[in-house]
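Encoded as structure tokens, the structure appears first; notes follow it.
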Amino acid sequence: MATYKKRGYKVKTKVEKEKEVPAEEIESTTAEVFNTLDETASKTEEWVAGNQKYIFIGIGAIAIILIGYLIYSKAFTAPKEAEAANEVFQANSYFNQAVNINLSQDMVNGLATRDSLFTLALNGGEGKFGYLNIIANYPGTNAANLANYSAGIAYLNLNEYELAVEHLQEFESDDIIIGAKAKGAIGDAFVQLEQPKVALEYYEKAFQHSANEATTPIYLLKAGITALDLGEAGKALQYFKRIENEYASFKNTADGKNLDIYIGKAEALNK
């Protein structure tokens with residue numbers, strides 16, 4: 001009688017037969033795996049049981065640290081913040097007066113008055129702390145952090161550029177405006193210190209900090225001008241064009257009125 005093989009059936013070769021693993025061997029391997037897992041679990045349980053005392057001590061220590069931190073924050077940090085905020089009031093008053101002086105009315109006297117007000121803001125007056133006192137006496141507070149920003153701007157206006165950089169680099173903020181201004185002010189200081197490459201890095205950080213109409217086009221422009229001075233016309237053109245395409249209204253401002261001139265210069269040098 002003729003025999004037929006089912007369609008799709010393939011006769012196993014000698015090699016394939018040798019590779020086959022008996023069912024009994026598979027079951028044995030599986031059992032070994034589970035036995036190993038059981039042994040590991042048992043050892044873990046034994047270790048936990050044997051070290052229960054130390055585990056509870058560790059958990060208790062962590063809990064005490066957390067509770068202590070919360071108590072410290074409530075009992076000491078909050079009052080310190082309030083005290084620092086109260087003490088910085090006079091320094092802020094001097095700073096705001098200095099910033100708002102109209103120098104066009106009387107340049108010489110205006111500058112002298114402005115500089116004296118910035119100095120008072122830094123060092124204090126009328127028996128009140130200045131920014132430097134706030135930074136020294138209330139470290140870690142929001143008031144001290146903001147004092148670093150204001151001190152940096154004051155030093156920048158007083159032509160003390162290295163001190164300006166020192167304080168502005170200590171300042172931290174995610175705020176879209178003041179965070180960008182701090183980085184841009186560091187760039188301004190490095191321009192005055194004749195370190196244009198570093199200045200360009202900070203102008204780039206300033207416009208990358210956030211995208212907004214108030215600060216982004218200003219620092220794109222400063223970055224572009226600095227890049228031009230460094231001979232990087234392609235980069236400068238990129239920054240100028242971004243202002244033109246994304247912040248068209250900036251052209252109507254005092255800072256942006258010469259944008260077309262800068263674009264033309266960058267295009268000529270980029271050929």
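All heavy atoms count here, side chains included; hydrogens, waters and symmetry mates do not.
- For the pair E81 (side chain) and N142 (backbone), a donor-acceptor distance under 3.5 Å is present.
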Does the pair I218 and T253 meet the rule for a side-chain contact (heavy atoms from CB on, under 4.5 Å), with working shown? CA-CA 10 Å; I218 291 173; T253 67; over 6 Å; no
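- Between A147 and I135 the shortest heavy-atom distance is CB-CG1, 3.8 Å.
- Considering CG of D115 and CG of N157, their distance stands at 8.0 Å, rounded to 0.5 Å.
- In this structure, the separation between CZ on R114 and OG1 on T119 is 10.0 Å, given to the nearest 0.5 Å.
- By the rule that hydrophobic residues join a cluster once side-chain heavy atoms approach within less than 4.5 Å of another member, I176 and Y149 end up as members of separate clusters.
- Scored by the side chain to side chain donor-acceptor pair (under 3.5 Å) test, Y202 finds Q169 as partners (sequence neighbours excluded).
- Here the shortest heavy-atom pairing between P139 and A144 reads CA-CB, 4.4 Å.
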Take T216 and R242, measure what side-chain contact (heavy atoms from CB on, under 4.5 Å) needs, and give me the verdict at the end. CA-CA 10 Å; T216 306; R242 184 176 165 190; 4.1 Å; yes
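- With hydrogens and angles left out, the side-chain atoms of T215 and N212 include a donor and acceptor closer than 3.5 Å.
- Cluster membership for L168 and L193, using ILVMFWY side-chain heavy atoms within less than 4.5 angstrom, is shared.
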Go through the steps to decide whether F190 and Y161 satisfy the test side-chain contact (heavy atoms from CB on, under 4.5 Å), and finish with yes or no. CA-CA 7 Å; F190 276 115; Y161 303 117; over 6 Å; no
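- The OH atom of Y262 lies 3.5 Å from the CD1 atom of I225; values are rounded to the nearest 0.5 Å.
- A donor-acceptor pair is defined here as one N or O able to donate and one able to accept, closer than 3.5 Å; such a pair exists between the side chain of N96 and the backbone of N92.
- Side chains of L132 and H167 form a contact here, defined as non-hydrogen atoms less than 4.5 Å apart.
- In terms of the salt bridge (charged side-chain N to carboxylate O under 4.0 Å, His left out) criterion, residue partners of E204 (sequence neighbours excluded) are, by chain and number, K235.
- For residues 175-197, the pairs satisfying salt bridge (charged side-chain N to carboxylate O under 4.0 Å, His left out) are D188-K222, with sequence neighbours left out.
- The number of heavy atoms from other shown groups lying within 6.0 Å of CD (E162) does not exceed 12.
- Distance alone, capped at 3.5 Å, places no donor-acceptor pair between the N145 side chain and the T141 backbone.
- Closest approach of A85 to A143, counting heavy atoms only: N-CB, 4.1 Å.
- Annotation for V165 and A189: closest pair CG2-CB, 3.5 Å, computed over non-hydrogen atoms.
- Taking CG of L117 as the start and CG of L122 as the end, the distance is 11.0 Å to the nearest 0.5 Å.
- A centroid separation of 6.0 Å or more is found between the aromatic rings of Y155 and F118.
- Remark: D229 engages no residue in a side chain to side chain donor-acceptor pair (under 3.5 Å) (not counting sequence neighbours).
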Begin with the C-alpha distance, continue with both residues' side-chain angles, and end with the deciding distance and a verdict on side-chain contact (heavy atoms from CB on, under 4.5 Å) for V191 and Y203. CA-CA 10 Å; V191 167; Y203 287 144; 3.5 Å; yes
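- Side-chain contact of E87 with Y138: a donor-acceptor pair under 3.5 Å is absent, judged by distance alone.
- Proximity of E213 to Y247: side-chain heavy atoms (C-beta onward) are separated by under 4.5 Å at one or more points.
- Judged as a side-chain contact (heavy atoms from CB on, under 4.5 Å), and not counting sequence neighbours, the contacts of N137 are F129, N133.
- Residues satisfying the side-chain contact (heavy atoms from CB on, under 4.5 Å) test with L269, not counting sequence neighbours, are L228, A233, K265.
- Between the CG atom in L163 and the CG atom in L158 there is a gap of 9.5 Å [rounded to 0.5 Å].
- Residues Y219 and F207 place their aromatic rings such that the two centres sit no closer than 6.0 Å.
- Contact of the K257 side chain with the K251 side chain is not registered, since no non-hydrogen atoms from C-beta on lie closer than 4.5 Å.
- Taking each heavy atom of I178 and S173 in turn, the nearest pair found is CG2-OG, 3.4 Å.
- Using a distance-only test at 3.5 Å, with no hydrogens or angles considered, no donor-acceptor pair links the side chain of N270 to the main chain of A266.
- Counting heavy atoms from C-beta on, the side chains of F171 and L146 come closer than 4.5 Å.
- For D174, the CG atom sits in a loose shell: 12 or fewer heavy atoms of surrounding residues, nucleotides or ligands are nearer than 6.0 Å.
- Side-chain N/O atoms of Y131 and N123 include no donor and acceptor closer than 3.5 Å.
- E244 and K241 are joined by a salt bridge, as a carboxylate oxygen and a charged side-chain nitrogen come within less than 4.0 angstrom of each other.
- Nearest heavy atoms, A185 versus I153: CB-CD1, 3.8 Å.
- Annotation: the span from I263 atom CD1 to I243 atom CD1 amounts to 7.5 Å, rounded to 0.5 Å.
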